[in-house]
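Data first, discussion second: the structure below is written as structure tokens.
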Amino acid sequence: MSDIKTKTDYSMQASEYWQAKDTNANKATVITYMSDSCCMVAQEISDNGEQSSYNAIVLTKNNDFFDLLSGKVYRESIEMLIKAINNRTIERDYFRLYCDMLDKTISEEDFDKMIDDNESDYVVDESEIPSVGKLKLALELSKYIKSVYSVNDLSSLFSFNPESINKLAIE
Amino acid sequence: MTKLININDTIDAEHTDGEARKFLWKGLKIHPQIKKQMTLYECDWNSYAEIVKEYEGEQEEGTDHFNRSLGDRLEADAISVYIDTRRKIKSDVVNNSGRHKVQEFKIRNRCIATIKAPLRNLLKHLSSIAEENDGKESIENL
């Protein structure tokens, strides 16, 4: 096989391989899945009404296909999104508390005490040092989330250490 | 008195003056290196932050690379500014003739400011790291 550099290469190589190998499979249904790191071409070979069988050829970078198949990427995405929601709630509650102080619903002393006594409710934990893969996933998810404009916005959303992201950016 | 323009360049000052197109309040955070609660602001587009009074307090472990001399100045399009306070800082909108308005800030609490990587460049940079480390064995074995 020639060097594979692009998604288009993946798709073309998969189609060529399938045409060379396949002789008897039912060509009625062909499914193609393509992402940045994985290309799958599948042909249905039987369908008895309850189950379907497919032959598939997959071209993938590293373990990306198996991570996708096992649901690892899906689970990781759900966990990260839950964390993002909770961190946004923490930030909202901090700003709400600040507003209470401004309009004198609570005193400045009470404001400081609330934060001292309940730091995890008002200050986001930003201690996780993410892998490159996790950071890439975070960047993809953040495209669909409002108000993520900076490295600090990203780290606040997903509890990443902002210094570690900065270090990755200059490696 | 040093002009600093690289990602991760950091100043640590008792008093800091600066300007930014936007000086955005981001709330209370834990500073990643000194592990202290500080109020975070973010500066964008043609920002600078300059030491106008040197910090002479305790220097925490892991902060030897912080720049602490009078006149040390960060210039960048993305600067994070951590301020040792739980209260908002007032900034003044200044109309620079011939240019857009800017927000001018004068911080009179301890301040640690760092040049950040712009988010728009991060994904592109990470993609190039991933490709260099790519294991092509899985493709070649097919």
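So you know, we letter chains A, B, ... as the sequences are listed, proteins then strands, and number each from 1. Predicted model only: the values in this text are computed from it and were never measured.
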Pairing of B/Lys29 and A/Glu91 as salt bridge, 4.0 angstrom limit: yes
Shared hydrophobic cluster, B/Ile115 / B/Ile112 (ILVMFWY, side-chain heavy atoms < 4.5 Å): no
Using the rule that two of Ile, Leu, Val, Met, Phe, Trp, Tyr join whenever any of their side-chain heavy atoms come within less than 4.5 Å, decide whether B/Tyr48 and B/Ile51 are in one cluster. no
Close side-chain approach of A/Glu126 to B/Pro32, heavy-atom, < 4.5 Å: no
Is it true that, when you exclude B/Ile5 itself, more than 12 heavy atoms of the residues, nucleotides or ligands shown sit nearer than 6.0 Å to its CD1? no
Which atom names give the shortest non-hydrogen contact between B/Tyr82 and A/Pro162, and what distance separates them? OH-CG, 4.0 Å
Under 3.5 Å, is there a donor-acceptor pair between the side chain of A/Asn152 and the main chain of B/Glu42? no
So, does A/Asp125 use its side chain to make a donor-acceptor pair with the main chain of B/Ile30 at under 3.5 Å? no
In terms of hydrophobic clusters joined by side-chain contacts under 4.5 Å, are A/Phe95 and A/Val123 together? yes
Output the option from A/Leu102, A/Val148, A/Asp112, A/Ile115 having the highest count of non-hydrogen pairs under 4.5 Å with chain B. A/Asp112
Using modelled atom types and a 3.5 Å cut-off, is there a donor and acceptor pairing between side-chain atoms of A/Tyr122 and backbone atoms of B/Leu28? no
Side chains of B/Thr114 and A/Asn166: closer than 4.5 Å at any heavy-atom pair? yes
Between A/Glu108 and B/Arg87 (salt bridge meaning N to carboxylate O under 4.0 Å), is one present in this structure? yes
Is it possible for you to say whether A/Ile85 and A/Leu139 belong to one hydrophobic cluster, with membership spreading through side-chain heavy-atom contacts below 4.5 Å? no
What option among B/Lys116, B/Lys26, B/Arg86, B/Lys88 has the most heavy-atom pairs under 4.5 Å with chain A? B/Arg86
Atom pair CG/OG of B/Asp44 and A/Ser150 - distance to nearest 0.5 Å: 10.0 Å
Against chain A, label B/Leu24 side chain, backbone, both or neither, depending on which of its atoms sit under 4.5 Å from a heavy atom there. neither
Could you state whether A/Ile145 and A/Ile165 fall into the same hydrophobic cluster, counting links through intermediate Ile, Leu, Val, Met, Phe, Trp or Tyr residues with side-chain heavy atoms under 4.5 angstrom apart? yes
What is the distance from atom OH of A/Tyr98 to atom CH2 of B/Trp25, rounded to the nearest 0.5 Å? 5.5 Å
More than 12 foreign heavy atoms under 6.0 Å from OH of A/Tyr74: is that the case here? no
Check whether A/Tyr149 gets within reach of chain B through its side chain, its backbone, both or neither, counting any heavy atom under 4.5 Å. backbone
